[in-house]
Amino acid sequence: MNQVLFEGRLLVNIISTMLHKGALQVRYGRMNWERMFRTADYHRVANIIYLGLLGNGGLVPERWMSRFFDRYQESLTGGGSCEAAEQEILALLDMEKISCVVLSSTTIRGLYELQETADMSPLRLYMSPEVYSRVKGFLVDLGYETIQNYSEFGERMHRYSGMNVDIYQKLPFRTKYYEKGMRELVLRARVRAGGTGVRILYPEDRMVYRMASVAYQYVNDELMLRDMLDLFLYHRVWREQLNHGYIKKKLQGFHVDGLADKLLRLSYMWFGEKEDKDFMHAAEEQLEDLSFFDVLENRIFSRGELGKDKESDPQALGLARLLNKEEEKESRKAKKETRRQRREENKKARGRFLRWIFPDYRYMSGLYPALEKAPFLLPFYWCARGVRLLIGMMKKKDQ
């Protein structure tokens, strides 16, 4: 088995065992613990893996066990402060009557039985461009600073306490289907209880947002185990109360209903318990080729290095084509803008050169006071100045 796939499945096994408080039975063999840590850290599950390794710490080099512990400690101590910081931000926005939509928040931590195994999920806010600068200003006043820009979409801001806030003036999804679908979700958002401006998504819309997001991340080879785990936990808690017909219809508008459903099934295969078998089996009966799940796993574990060439899902291929078209269009737009800027720079350079060769009347009058009495001689004095400069340059060259 490919080492990358082995490590990915080992991470899934550890996470599933920790969720269900089972006994971890894994033969570690000669593991590359540096790569294991970096893989777990990339997938944002290192804090869970630490708990799974506690009983087997002797097999893990102290240096890397310490790194796993650092991630666990961050989640243990930082979770409460992040929740308090989030409420501080939302309360301020409500007080200022700022209209914005919460796309995701720290409430996902409440779905974890051990909250220290949850991720330090950022608060994600979407708002109109008109209020974007105001919201950023409020965050700066609270001690946040920009640590990452999301092109024309928005930016990530961070505070020393560990809290991250993503603010968007444009939803971070390309293709006309995603832009339309996400816009419909945020327009349906309702004002949260006791609030004035901050709005939240309905449970079904939060599910649509999560499922559409994981499909988008999958096609971009950016899907992480933490995203799959959050999706699984959210669906398992809410599935009896959700309007699944509405969710399916909305996902059809994104053109990823089949792909998103397969990813949801895969999350149940990875993290589900025995009582989830009926749910999984009912879904599997509707699928003709279960080998697709191998392709899903391979792409997720390898970040697209394995399985991408075997991709067969028509919706994944369709979304990839649309995203490629968007990238090509943006590339053409960027090249066009670069050419425009170059033309502008050349035009300014020519203007500066002409102004140097033919200075204006006021400048020339300062050099040649006699010009004030005979302005019509300006061309003559341009020539005289040119000859003088030329002679000066020739003298310097001779020296």
Side-chain angles (χ1 to χ4, degrees), residues 44 74-75 77-109 118-175 178-202 205-206 209-210 212-213 216-217 220 222 224 226-227 230 326-327 330 333-334 337 341:
R44 307 201 312 269
E74 287 173 7
S75 184
T77 59
S81 63
C82 286
E83 291 171 10
E86 177 178 293
Q87 292 307 311
E88 176 187 30
I89 293 170
L90 298 182
L92 173 62
L93 296 178
D94 268 332
M95 183 176 69
E96 297 291 336
K97 297 183 179 180
I98 297 292
S99 178
C100 63
V101 178
V102 178
L103 299 176
S104 63
S105 68
T106 60
T107 55
I108 191 69
R109 295 178 64 86
D119 187 28
M120 299 286 285
S121 301
L123 171 65
R124 292 190 173 94
L125 300 172
Y126 168 72
M127 65 217 64
S128 68
E130 290 74 21
V131 301
Y132 182 86
S133 297
R134 286 188 65 197
V135 173
K136 180 177 179 179
F138 292 144
L139 292 174
V140 170
D141 291 342
L142 291 173
Y144 291 83
E145 60 181 15
T146 300
I147 60 171
Q148 185 177 357
N149 282 301
Y150 300 133
S151 185
E152 76 273 22
F153 300 112
E155 59 198 288
R156 168 165 290 188
M157 304 190 72
H158 174 80
R159 191 164 72 174
Y160 62 89
S161 63
M163 178 70 176
N164 290 324
V165 183
D166 290 346
I167 54 175
Y168 298 105
Q169 58 183 337
K170 180 180 177 183
L171 290 165
F173 301 97
R174 293 182 170 89
T175 81
Y178 265 81
E179 289 175 357
K180 180 176 181 292
M182 290 296 177
R183 186 168 58 250
E184 290 175 353
L185 294 184
V186 298
L187 287 175
R188 273 175 44 87
R190 58 183 175 84
V191 176
R192 65 178 189 144
T196 57
V198 177
R199 293 180 291 142
I200 58 175
L201 300 174
Y202 288 96
D205 290 337
R206 286 200 294 272
Y209 176 81
R210 287 191 177 277
S213 295
Y216 191 91
Q217 291 169 291
N220 282 291
E222 298 173 347
M224 302 179 190
R226 177 65 71 175
D227 300 313
D230 286 349
E326 289 294 323
E327 288 179 4
E330 289 182 4
K333 184 179 178 182
E337 178 63 19
Q341 290 179 356

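Sorted by first then second residue, the salt bridge (Lys or Arg N to Asp or Glu O under 4.0 Å) pairs that include residues 135-151, not counting sequence neighbours, are K136-E155.
A pairwise comparison of heavy atoms in S213 and F173 identifies OG-CZ, 3.6 Å as the closest pair. Listed here is the closest heavy atom pair of E326 and T175: CG-N, 4.0 Å. The shortest heavy-atom contact between S121 and S105 is CB-O, 4.3 Å. Heavy-atom minimum distance, R174 versus S151: NH2-OG, 4.5 Å. For the pair C82 and M120, the tightest heavy-atom approach, listed with the atom from each and the gap, is SG-CE, 3.5 Å.
Between the side chain of Y160 and the backbone N or O of G143 there is no donor-acceptor pair closer than 3.5 Å.
A 4.5 Å side-chain heavy-atom check between E222 and Y216 finds every atom pair outside the cut-off. A 4.5 Å side-chain heavy-atom check between V186 and L103 finds at least one atom pair inside the cut-off. Contact annotation: the side chain of L142 approaches that of E88 to within less than 4.5 Å [non-hydrogen atoms, C-beta and beyond]. The side-chain heavy atoms of L90 and L123, taken from C-beta on, include a pair separated by under 4.5 Å. Residues Y132 and K170 form no side-chain contact, since every pair of their non-hydrogen atoms from C-beta on lies 4.5 Å or further apart. Using a 4.5 Å heavy-atom cutoff, the side chains of V135 and E96 are not in contact.
Applying the salt bridge (Lys or Arg N to Asp or Glu O under 4.0 Å) rule to D166 yields the partners R124, R156; only residues at least two apart in sequence or on another chain are considered. Partners of K97 by salt bridge (Lys or Arg N to Asp or Glu O under 4.0 Å), not counting sequence neighbours: none found. Residues passing the ring pair (Phe, Tyr, Trp, His ring centres under 6.0 Å) test with Y168, sequence neighbours excluded: Y150. Remark: S128 engages E130, V131 in a side-chain contact (heavy atoms from CB on, under 4.5 Å) (not counting sequence neighbours). Residues that satisfy the salt bridge (Lys or Arg N to Asp or Glu O under 4.0 Å) test with E86, not counting sequence neighbours, are absent from this structure. Under the side chain to side chain donor-acceptor pair (under 3.5 Å) criterion, R206 pairs with Y234, not counting sequence neighbours. Listed by chain and residue number, nothing satisfies the ring pair (Phe, Tyr, Trp, His ring centres under 6.0 Å) test with F138 (two or more places apart in sequence, or in another chain). Every residue two or more places apart in sequence or in another chain that forms a salt bridge (Lys or Arg N to Asp or Glu O under 4.0 Å) with R188 is listed here: D205. D119 meets the side chain to side chain donor-acceptor pair (under 3.5 Å) test with R44; sequence neighbours excluded. Residues satisfying the ring pair (Phe, Tyr, Trp, His ring centres under 6.0 Å) test with Y126, not counting sequence neighbours, are none.
Atom-to-atom distance recorded for M182:CE and L187:CG is 13.0 Å, nearest 0.5 angstrom. One distance of note links CG of L93 with CG of L125; it measures 6.5 Å at 0.5 Å rounding. Taking OG1 from T146 and CD1 from I167, the interatomic distance works out to 6.5 Å, rounded to the nearest 0.5 Å. Atom OG of residue S75 and atom CZ of residue R109 lie 4.5 Å apart, to the nearest 0.5 angstrom. Between the OH atom of Y144 and the CZ atom of R159 there is a distance of 3.5 Å, given to the nearest 0.5 Å. From M163, atom CE reaches atom OG of S81 across 9.0 Å, with rounding to the nearest 0.5 Å.
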Let me have the donor-acceptor pairs involving side chains of residues 189-196, under 3.5 Å, with sequence neighbours excluded, atom names and distances please.
| residue | atom | partner | partner atom | Å |
| --- | --- | --- | --- | --- |
| R192 | NE | D94 | OD2 | 3.0 |
| R192 | NH2 | D94 | OD2 | 3.0 |
| T196 | OG1 | D94 | O | 2.5 |

Where do M127 and I98 land on the side-chain contact (heavy atoms from CB on, under 4.5 Å) test, with the steps shown first?
CA-CA 9 Å; M127 65 217 64; I98 297 292; 5.6 Å; no
